[in-house]
Number of protein chains: 2
Amino acid sequence: MARRGKDAEQKALEALDAGQVEHLGVPLWRASRAYVNLMMAGYRRLGYGDLTESHTGLLPHLDIAGTRITTLAERAGLTKQAIGQMVSDLEARGYVSRAPDPSDARAKIVRYTSKGRRFVRDGQTIKKDLQARCRALVGGDKFEAFAEQLEALATQLEDEAAD
Amino acid sequence: MARRGKDAEQKALEALDAGQVEHLGVPLWRASRAYVNLMMAGYRRLGYGDLTESHTGLLPHLDIAGTRITTLAERAGLTKQAIGQMVSDLEARGYVSRAPDPSDARAKIVRYTSKGRRFVRDGQTIKKDLQARCRALVGGDKFEAFAEQLEALATQLEDEAAD
DNA sequence: TTCGATAGTAAAGTATCTTTACTAAAATAG
DNA sequence: CTATTTTAGTAAAGATACTTTACTATCGAA
């Protein structure tokens with residue numbers, strides 16, 4: 001009987017099945033995705049169904065005092081052309097406006113409209129609420145430690161990726 | 001002096017600045033992104049520079065025995081058309097092949113080529129290595145607890161998002 | 001004052017999807 | 001056993017979120 005050989009081969013094949021190797025990447029991705037989905041659901045509930053993830057991801061990079069396109073590009077890690085397109089979108093939807101920078105005729109300053117400021121306030125409410133829900137899920141006593149570990153892991157992984 | 005009024009206004013404006021509200025979404029997203037970047041860097045180092053994130057994300061859903069397009073679509077949470085396109089890509093690059101399903105003339109079975117199996121094995125090596133590095137970063141004694149908390153958080157956030 | 005760097009725009013290209021629409025085969029209802 | 005509905009897959013076009021290439025206008029420094 002080639003029983004042993006068969007088993008070994010089967011084992012090797014099974015070992016190849018992808019779910020096999022457990023690693024932090026999976027829960028990290030799932031949690032991150034679910035979190036964003038909950039954020040977007042919150043925005044939709046409050047009437048911001050006209051904004052996509054890229055919009056809601058960009059707006060928090062905008063200071064109340066106004067911010068240049070180039071600065072937004074640096075913060076978001078995208079090209080200034082990409083930011084220019086998003087700003088045009090957000091302008092068309094009434095969330096921001098473009099104004100000339102008095103200190104530099106080449107530059108423009110992107111500012112919130114009142115609608116944009118309302119979005120930011122509502123976003124902070126949503127984030128605080130979500131944070132509270134996460135705290136409850138993890139457990140109030142363990143939450144701070146968990147958040148710190150996650151924060152540290154994020155920073156260290158980013159450092160490793162930078163090499 | 002309208003000093004108090006001025007301060008309050010300033011405070012309100014500052015409070016609007018987006019970075020203000022700390023929430024788990026940020027480290028979750030950063031860690032997830034950095035993790036994927038490290039994975040992709042690993043694949044590139046091993047000679048898989050022809051694969052994108054969507055490819056490397058799909059392949060682990062493929063069983064060694066072969067899997068139908070529709071099943072892959074369910075597992076990946078995408079349409080079967082999207083999967084069909086990716087499978088065509090992966091076929092063109094030599095990682096998988098499409099074969100008729102003997103039990104159903106409508107269906108096709110997607111299988112790894114030997115190159116595809118090599119990719120999976122190398123991927124497991126990369127994942128194990130990354131997992132070990134994460135363990136070292138978090139701290140060996142705290143790692144299991146952290147991983148469990150993260151896993152639970154992911155599942156619970158997904159549940160909340162499903163409502 | 002000239003010349004390289006910087007701010008922004010314009011247009012086209014690319015990746016990764018979805019939607020709509022279709023064919024062929026299988027499963028099920030009558 | 002046939003008629004109808006469902007399921008597997010493909011095809012083509014459209015949407016989104018970008019990047020690359022190319023350009024103009026202005027700034028700043030030699």
Side-chain angles (χ1 to χ4, degrees), chain A residues 29 32-33 36-37 39-40 43-44 48-63 65-93 95-111, chain B residues 29 33 36-37 39-40 43-44 48-63 66-93 95-111:
Chain A
W29 189 89
S32 175
R33 197 90 286 283
V36 171
N37 288 343
M39 283 284 304
M40 292 306 293
Y43 283 128
R44 276 192 300 276
Y48 299 103
D50 58 339
L51 297 181
T52 67
E53 279 180 31
S54 70
H55 296 136
T56 61
L58 177 65
L59 280 174
H61 290 304
L62 186 55
D63 304 317
T67 308
R68 287 189 188 180
I69 300 258
T70 300
T71 307
L72 286 173
E74 284 163 7
R75 291 183 186 169
L78 298 175
T79 62
K80 52 189 183 168
Q81 294 91 324
I83 301 299
Q85 288 175 35
M86 289 183 200
V87 167
S88 295
D89 281 357
L90 288 167
E91 209 172 13
R93 290 163 215 262
Y95 289 91
V96 303
S97 65
R98 247 183 269 239
D101 183 336
S103 75
D104 186 338
R106 295 168 303 175
K108 302 204 178 151
I109 294 184
V110 182
R111 280 204 187 81
Chain B
W29 189 89
R33 197 90 284 282
V36 171
N37 288 342
M39 284 284 305
M40 292 306 293
Y43 282 129
R44 276 192 300 275
Y48 300 103
D50 58 338
L51 297 180
T52 68
E53 280 181 31
S54 69
H55 297 135
T56 62
L58 178 64
L59 280 173
H61 290 303
L62 186 56
D63 303 318
T67 308
R68 287 190 188 178
I69 300 258
T70 300
T71 306
L72 287 173
E74 284 163 6
R75 290 183 187 167
L78 298 174
T79 62
K80 52 189 183 170
Q81 293 92 324
I83 301 298
Q85 288 174 35
M86 290 184 198
V87 167
S88 296
D89 281 357
L90 289 167
E91 210 173 13
R93 289 163 216 262
Y95 290 91
V96 303
S97 65
R98 247 182 269 239
D101 184 336
S103 75
D104 186 336
R106 295 168 304 177
K108 303 208 177 146
I109 295 185
V110 182
R111 281 204 188 80

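Just so we're on the same page: letters track the sequence lines, and every chain starts at 1.
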d([atom1], [X]; [atom2], [N]) in whole Å:
{"X": "D101(B)", "N": "dA27(C)", "atom1": "CG", "atom2": "C1'", "value": "15 Å"}
{"X": "E53(A)", "N": "dT18(C)", "atom1": "CD", "atom2": "P", "value": "13 Å"}
{"X": "K108(B)", "N": "dA8(D)", "atom1": "NZ", "atom2": "P", "value": "14 Å"}
{"X": "L72(B)", "N": "dC17(C)", "atom1": "CG", "atom2": "P", "value": "14 Å"}
{"X": "M86(A)", "N": "dC18(D)", "atom1": "CE", "atom2": "C1'", "value": "7 Å"}
{"X": "L78(A)", "N": "dT20(D)", "atom1": "CG", "atom2": "C1'", "value": "14 Å"}
{"X": "E74(B)", "N": "dT7(D)", "atom1": "CD", "atom2": "P", "value": "11 Å"}
{"X": "I109(B)", "N": "dT7(D)", "atom1": "CD1", "atom2": "P", "value": "19 Å"}

Phosphate OP1/OP2 of dT7(D) contacted by T70(B) side-chain N/O (<4.0 Å): no
Is the distance from OP1 or OP2 of dA17(D) to the nearest side-chain N or O of S54(A) less than 4.0 Å? yes
Sub-3.5 Å donor-acceptor pair from the side chain of E91(B) to the main-chain atoms of R98(B), do we have one? yes
Could you tell me whether a side-chain N or O of H61(A) sits under 3.5 Å from a main-chain N or O of L58(A), the two making a donor and an acceptor?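 Answer holds: no.
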So which atom in R44(A) and which in N37(A) form the shortest heavy-atom distance, rounded to 0.1 Å? NH2-O, 4.5 Å
Measure across A65(A) and I109(A) and return the closest heavy-atom pair with its distance rounded to 0.1 Å.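 Heavy atoms of A65(A) and I109(A) come nearest at O-CG2, 4.4 Å.
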Describe, in one word, how the ring planes of Y43(B) and Y48(B) are oriented to each other, choosing from parallel (under 30°), tilted (30 to 60°) and perpendicular (over 60°).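 Ring orientation, 0 to 90° scale: perpendicular.
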Side-chain touch V96(A)/L59(A), heavy atoms, less than 4.5 angstrom: yes
Residue mapping more 5' on DNA chain D - nearest nucleotide basis, G84(B) or I83(A):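 Mapping each residue to its closest nucleotide by heavy atoms, the 5'-most match is G84(B).
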May I have all residue pairs that pass salt bridge (Lys or Arg N to Asp or Glu O under 4.0 Å) and include part of residues 73-86 of chain B, sequence neighbours excluded?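 Residue pairs passing salt bridge (Lys or Arg N to Asp or Glu O under 4.0 Å), neighbours aside: D63(B)-R75(B).
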Between the protein and nucleotides 19-25 of chain C, list every N/O to N/O distance that falls short of 3.5 Å.
| from | atom 1 | to | atom 2 | distance (Å) |
| --- | --- | --- | --- | --- |
| dT20(C) | O4 | Q81(B) | NE2 | 2.4 |

